[in-house]
Amino acid sequence: MSELRYTANTQLEQLHSRYTGTGHADTTKYEWLTHQHRDTLAAIIGHPPLLGYVSIADGQCQAREKYELIEKMVQPCGKPPGKTDE
């Protein structure tokens with residue numbers, strides 16, 4: 001049983017090291033949301049049909065929409081919350 005647990009933990013560690021957006025025990029809600037928003041924006045930028053759909057919905061050309069989405073990736077959820085020392 002412990003062998004199975006060790007394998008699962010090893011696989012989970014490999015997953016976290018490969019994909020930064022998967023989170024860990026110390027991931028805050030803000031960090032998780034930021035990763036989710038950046039993944040979504042990257043998917044829209046990376047798939048031309050999605051980018052075309054979004055650009056038509058916003059009434060802008062695709063190049064302008066792509067530029068705005070890249071700019072939004074800097075802080076997709078606004079400023080980070082202040083850190084509290086406990």
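Worth saying up front: this structure is predicted, and the values here are computed from it rather than measured. Computation of the quantities below employed the complete heavy-atom set of this structure, encompassing side-chain atoms and omitting hydrogens, waters and symmetry-equivalent molecules. One is the number of the first residue; the rest follow in order along the sequence.
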Closest non-hydrogen contact found for Leu41 with Pro76 is CD1-CB, 4.4 Å
*asked:* A side-chain contact here means heavy atoms from C-beta on lying under 4.5 Å apart; do Lys29 and Pro81 qualify?
replied: no
Value for CG (Leu69) from OG1 (Thr40), rounded to nearest 0.5 Å, stands at 11.0 Å
Q: Could you list the residues that satisfy side-chain contact (heavy atoms from CB on, under 4.5 Å) with Thr28, not counting sequence neighbours?
A: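 If we apply the side-chain contact (heavy atoms from CB on, under 4.5 Å) test to Thr28, skipping adjacent residues, the hits are Tyr30, Glu31.
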For residues 46-56, which side-chain donor-acceptor pairs fall under 3.5 Å, sequence neighbours excluded?
unit_1: His47; atom_1: ND1; unit_2: Ala43; atom_2: O; d: 2.8
unit_1: Ser55; atom_1: OG; unit_2: Leu51; atom_2: O; d: 3.1
unit_1: Ser55; atom_1: OG; unit_2: Gly52; atom_2: O; d: 2.9

So the salt bridge (charged side-chain N to carboxylate O under 4.0 Å, His left out) pairs with at least one residue in residues 48-57 (sequence neighbours excluded) are none
Just by modelled atom types, is the Leu33 backbone N or O under 3.5 Å from a matching donor or acceptor in the Arg38 side chain?
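No, because the side chain of Arg38 does not come within donor-acceptor range (under 3.5 Å) of the backbone of Leu33.
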What pairs meet the side chain to side chain donor-acceptor pair (under 3.5 Å) rule with one or both residues in residues 62-74, with sequence neighbours excluded?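 Qualifying pairs: Arg64-Glu68.
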